[in-house]
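What follows is a single structure, written as structure tokens, with notes after it.
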Amino acid sequence: MAVAAARELRDGEVVFVGIGLPNLACNLARATHAPRLVLVYESGAVGAVPERLPVSIGDPALVAGSLMVCGMADVFQLFLQGGRIDVGFLGGAQVDRWGNINTTVIGPYDDPRVRLPGSGGATEIAIHARRTLIVSRLSRRAFPERVDFVTSPGQRVGGTDRRALGMPGAGPVKVITDRCILEAGPGGEMRLAALFPGADVADVRAAVGWPLAVREPLRETEPPTAEELRILREVLDPKGLHL
Amino acid sequence: MAVAAARELRDGEVVFVGIGLPNLACNLARATHAPRLVLVYESGAVGAVPERLPVSIGDPALVAGSLMVCGMADVFQLFLQGGRIDVGFLGGAQVDRWGNINTTVIGPYDDPRVRLPGSGGATEIAIHARRTLIVSRLSRRAFPERVDFVTSPGQRVGGTDRRALGMPGAGPVKVITDRCILEAGPGGEMRLAALFPGADVADVRAAVGWPLAVREPLRETEPPTAEELRILREVLDPKGLHL
Amino acid sequence: MREAIAAHVHDGDTVAIEGFTHLIGFAAAHEIIRQGRRDLTLCRLTPDLVFDQMIAAGCARKLVFSWAGNPGVGSLHAFRRAIEGRGAEALEIEEYSHFGMVARFSAGAARLPFWPLRSFMGTDLPRVNDRIRTVACPYTGEPIATVPALEPDVAILHAQRADAEGNTQVWGLLGVQKEAAFAARRVIVVVEELVDTAVVRADPNRTLIPGTIVSAVVVEPWGAHPSFAQGYYDRDNDFYVGWEEISRDEGALRAWLDEYVHGVADRAAYVAKHPGLVERLSARPLVCAGVSYGY
Amino acid sequence: MREAIAAHVHDGDTVAIEGFTHLIGFAAAHEIIRQGRRDLTLCRLTPDLVFDQMIAAGCARKLVFSWAGNPGVGSLHAFRRAIEGRGAEALEIEEYSHFGMVARFSAGAARLPFWPLRSFMGTDLPRVNDRIRTVACPYTGEPIATVPALEPDVAILHAQRADAEGNTQVWGLLGVQKEAAFAARRVIVVVEELVDTAVVRADPNRTLIPGTIVSAVVVEPWGAHPSFAQGYYDRDNDFYVGWEEISRDEGALRAWLDEYVHGVADRAAYVAKHPGLVERLSARPLVCAGVSYGY
């Protein structure tokens with residue numbers, strides 16, 4: 001997943017990074033094809049070049065040696081709402097047919113079966129980043145037809161297109177899973193765009209809660225190169241925390 | 001005037017300072033009875049202790065050695081609108097019966113006889129400072145019944161009380177001139193409260209564009225002490241720029 | 001610390017303890033727990049371990065927040081027990097996005113009744129929180145979301161250094177410390193180091209909070225542990241990871257509170273109960289060059 | 001400078017040259033005059049001498065401002081001649097208070113269509129400027145004043161230092177430089193000193209403007225004269241005082257422009273035409289201590 005996510009990033013872009021896999025993907029991209037990628041963390045660190053894999057989005061290693069540190073009002077007002085973020089990463093317990101994400105509750109809000117952390121910065125990343133990439137492991141539980149709670153809006157919410165709702169960003173253009181890549185089709189519905197080596201359409205369809213359309217031609221992704229794997233395993237995540 | 005203005009300040013107060021005479025008054029107060037006065041300049045210098053008499057409100061001497069330097073958004077949003085300023089100084093080409101001030105135009109706005117600088121920070125000082133002190137030389141031209149243009153609202157505007165207009169601060173409580181001190185009466189009208197030594201009621205009345213009420217008992221101000229004059233002439237304004 | 005909390009934090013108060021991952025006021029929170037404050041409305045973007053502990057200790061009536069997890073680790077279990085209604089006394093919640101919380105503090109700091117932001121369209125948050133509303137832009141007519149001002153009775157902010165008047169300097173991550181301080185009626189600043197005013201005046205651009213709005217200054221080295229203080233000590237990730245197991249079990253959590261909060265008189269005693277803490281987490285110096293304020 | 005102005009400032013543009021008394025971009029303004037730009041909408045809180053010169057040179061169609069005087073001295077006479085209709089070509093004006101202008105830049109920087117502020121009630125400003133409006137607070141119902149976003153085509157900001165990517169550090173007075181930069185479509189940063197990125201990274205809290213929003217970086221020592229650059233040179237008060245006499249007389253002002261703007265190729269030549277300037281105004285060093293970013 002980290003490799004597929006890294007390959008989605010173009011050199012020079014400004015990326016709003018979360019911790020964990022997205023952080024890994026961004027640093028892999030910087031180490032390979034996108035050395036000029038600028039990483040912005042919601043904690044206020046801009047252009048960070050962490051010496052170690054940060055454990056939290058607020059890690060002192062993100063601050064020391066960064067290009068700029070600003071308050072969170074600036075992060076959200078000037079960078080995100082200001083339209084200065086090219087790519088945002090999102091993940092969540094549930095991702096649905098239209099790329100809506102739930103990180104709030106499983107079950108009813110007032111009496112939840114599982115209480116999740118909530119929005120954090122995700123709602124505004126989903127609304128304002130020029131495009132977003134969703135990263136999530138594929139499973140029937142994680143990919144329902146409709147999320148229990150819309151924390152971060154996708155391409156369509158309650159039948160209305162995101163542009164009609166006044167959202168500046170293009171929203172989730174791709175969903176990167178551990179077996180395939182989904183992408184937003186013309187109508188905003190997530191459809192199968194590429195399979196990882198070894199995965200097949202039937203398995204993927206079985207793991208998704210809606211009748212999954214398949215883009216023609218269906219791509220097969222290039223396997224990770226030896227270099228990509230070396231950087232991930234030896235440099236970025238030697239402890240295998242995220243792999 | 002500087003002495004009279006200085007005596008209006010209490011130790012420990014936070015004062016929004018303009019350049020010229022108010023600056024002189026604040027530094028005199030600091031040198032005499034109010035050493036803990038905190039001076040805030042609209043340029044963003046807080047707690048300045050200028051080594052030299054600043055010529056502009058943005059003087060490098062106000063920055064070096066100050067307690068805090070912040071952007072102007074913070075000056076206006078957090079300090080002034082935030083209600084953190086105890087006293088504000090105001091002056092202007094015209095001051096009227098209700099303490100309204102004009103620093104914008106003499107004559108019609110679209111075809112002014114004299115174009116003045118405009119508001120600067122004065123409008124918000126007049127609205128938000130807990131109380132304001134107006135400093136202006138007495139003259140018929142400077143004290144009309146009604147200003148040509150309300151730049152900074154006083155106690156009443158167009159017959160409406162400032163509280164009814166939603167202004168948080170108490171507005172101009174006193175007008176300090178070179179011959180006397182006016183103060184806002186119960187209805188908000190400026191009336192004669194104190195005469196400087198040697199001034200008399202008739203002269204003052206003749207220099208004001210409205211039937212000037214006199215507070216009973218009418219005070220006579222204490223003349224400047226030798227110490228006050230020494231500090232002003234030898235320390236604060238040896239060149240006599242403002243005296 | 002004891003005097004500052006006793007004087008400025010009362011039962012039923014709305015309390016903001018800010019610091020985004022950096023400079024989280026654990027020492028002050030523990031003193032509030034020791035003094036047995038009740039019915040507090042606790043406000044923070046990220047409740048983090050600090051509010052999980054206060055919830056477990058029974059200080060909280062209500063939580064105002066935007067992301068309630070254990071950063072980089074998992075859940076806040078005392079919080080979840082209270083919300084998922086598993087035994088714990090129920091906790092009222094008022095929930096926003098991070099931007100929504102930042103905007104609430106910004107409005108409070110500016111003494112405006114609301115703050116506008118482009119957000120929440122299409123989400124379920126306004127459905128479950130009717131304080132999230134909209135205004136029509138007076139120029140374009142478009143609806144813009146709003147949140148109401150948050151004006152805590154008291155804000156508690158940890159910082160690297162301040163002078164005795166409370167002129168407070170912070171570097172590294174700034175979070176919403178400045179907005180929370182200006183929004184509050186009373187401000188308690190807790191610092192790693194008390195410095196002479198001359199140190200503050202030598203670099204006034206570093207000052208985040210002016211002494212004029214500060215009610216009390218408390219000197220409490222290591223007061224932000226297990227969070228970090230740039231230039232002083234690192235984040236104690238092992239503690240955050242370990243909290244998962246402690247907080248999962250109500251009994252273990254109560255035992256932890258008994259030993260490390262109720263069982264110590266102050267922060268110094270808390271640090272003493274963590275052998276090797278100072279050696280393990282003290283920052284190596286990485287000092288930047290100064291700039292000239294000359295003219 | 002020549003290339004940056006040619007590439008990013010066009011006839012008819014809305015141009016913000018910010019810097020409140022500190023770091024005013026005179027060098028850039030003079031290059032705009034030399035290149036004969038016309039019909040510009042000039043935006044600044046304090047037009048100051050910099051816009052008085054551009055108005056006299058015929059660059060301006062409109063002025064958006066909040067205080068048009070010669071600070072500590074008196075009037076801006078080219079501005080007054082244009083407004084008082086004495087001979088000069090008429091100048092359109094749009095006038096606010098300082099807070100109103102700060103709010104306009106803040107809205108532009110945040111890409112919001114308006115900004116709310118408690119101001120203008122009882123004043124005549126809304127009467128002469130219909131862009132000052134109100135909204136009803138969705139919580140209290142009270143009317144709150146608004147100003148519309150200001151999004152200049154280009155913002156020109158002078159600063160102490162930046163790296164080649166435009167990561168810009170400023171200390172001393174900050175004015176509305178950050179807001180103006182984020183509000184603009186294009187940003188030109190003019191610096192006293194070009195530094196290695198390592199200098200910026202050593203103290204990231206000093207960075208005011210990120211390189212990601214900067215279109216061009218120009219190195220122009222003494223580019224803010226007669227205003228000042230903290231740590232580099234003092235304000236040239238004699239120049240401000242002297243401007244009173246020069247600007248009073250249209251001929252004298254034209255002669256000054258001919259000699260000091262049209263008559264020089266660049267800033268270096270301008271400085272060379274002021275013998276003793278460097279000796280008279282260079283700052284004495286007053287360097288603060290650094291802080292540690294270690295962990």
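Looking at D:Y96, the atoms closer than 4.5 Å to chain B (heavy atoms on both sides) all sit in the backbone: N, CA, C or O. In this structure, chain B has heavy atoms under 4.5 Å from both the backbone and the side chain of D:F99. Both the backbone and the side chain of B:S43 come within less than 4.5 Å of a heavy atom of chain D. Contact annotation for D:F65: only side-chain heavy atoms (C-beta onward) come within less than 4.5 Å of a heavy atom of chain B. If you measure heavy-atom distances from B:V114 to chain D, the contacts under 4.5 Å come from both the backbone and the side chain. Looking at D:L173, both its backbone and its side chain come within 4.5 Å of chain B, counting heavy atoms on both sides. Proximity to chain D is limited to the side chain of B:Y109, based on heavy atoms less than 4.5 angstrom apart. Only the side chain of B:I127 comes within contact range of chain D, judged by heavy atoms closer than 4.5 Å. Residue contact with chain D, scored on non-hydrogen atoms closer than 4.5 Å, involves the side chain of B:V157 exclusively. Within the 4.5 angstrom heavy-atom criterion, atoms from both the backbone and the side chain of D:L125 approach chain B.
Expressed to the nearest 0.5 Å, how far OG1 of D:T123 lies from CG of B:N102 amounts to 11.5 Å.
Ranked by heavy-atom pairs under 4.5 Å with chain D, the list B:P112, B:G44, B:C70 is led by B:P112. The candidate from B:A45, B:S66, B:G58, B:P168 with the greatest count of non-hydrogen atom pairs under 4.5 Å with chain D is B:G58. Taking chain B as the reference chain and counting heavy-atom pairs below 4.5 Å, the highest number among D:L208, D:I93, D:L45, D:D124 is found for D:D124. Looking only at heavy-atom pairs under 4.5 Å with chain B, the residue among D:A103, D:G69, D:P143, D:S66 that has the most is D:S66. The choice from D:D234, D:V176, D:L174 that makes the most heavy-atom pairs within less than 4.5 Å of chain B is D:D234. Most heavy-atom pairs under 4.5 Å with chain B, from the set D:G172, D:S75, D:G175: that is D:G175. Interface remark: of the candidates B:D111, B:L80, B:T123, B:T123 forms the most heavy-atom pairs closer than 4.5 Å to chain D.
Shortest non-hydrogen contact noted between D:E179 and B:A73 is OE2-CB, 3.7 Å. When all heavy atoms are compared, the tightest approach of B:E124 to D:S119 is OE2-OG, 2.7 Å.
No more than 12 heavy-atom neighbours from other residues, nucleotides or ligands sit within 6.0 angstrom of CZ on B:R146. With a 6.0 Å radius and a threshold of 12 heavy atoms from other residues, nucleotides or ligands, B:R141 has its CZ atom at or below the threshold.
Side chain of B:H128 to main chain of D:R118: a donor-acceptor pair is present (N/O by atom type, distance under 3.5 Å, no hydrogens or angles).
B:F149 has its side chain within reach of D:V128: a pair of non-hydrogen atoms, C-beta onward, lies under 4.5 Å apart.
A side-chain donor-acceptor contact under 3.5 Å links D:W115 and B:Q77.
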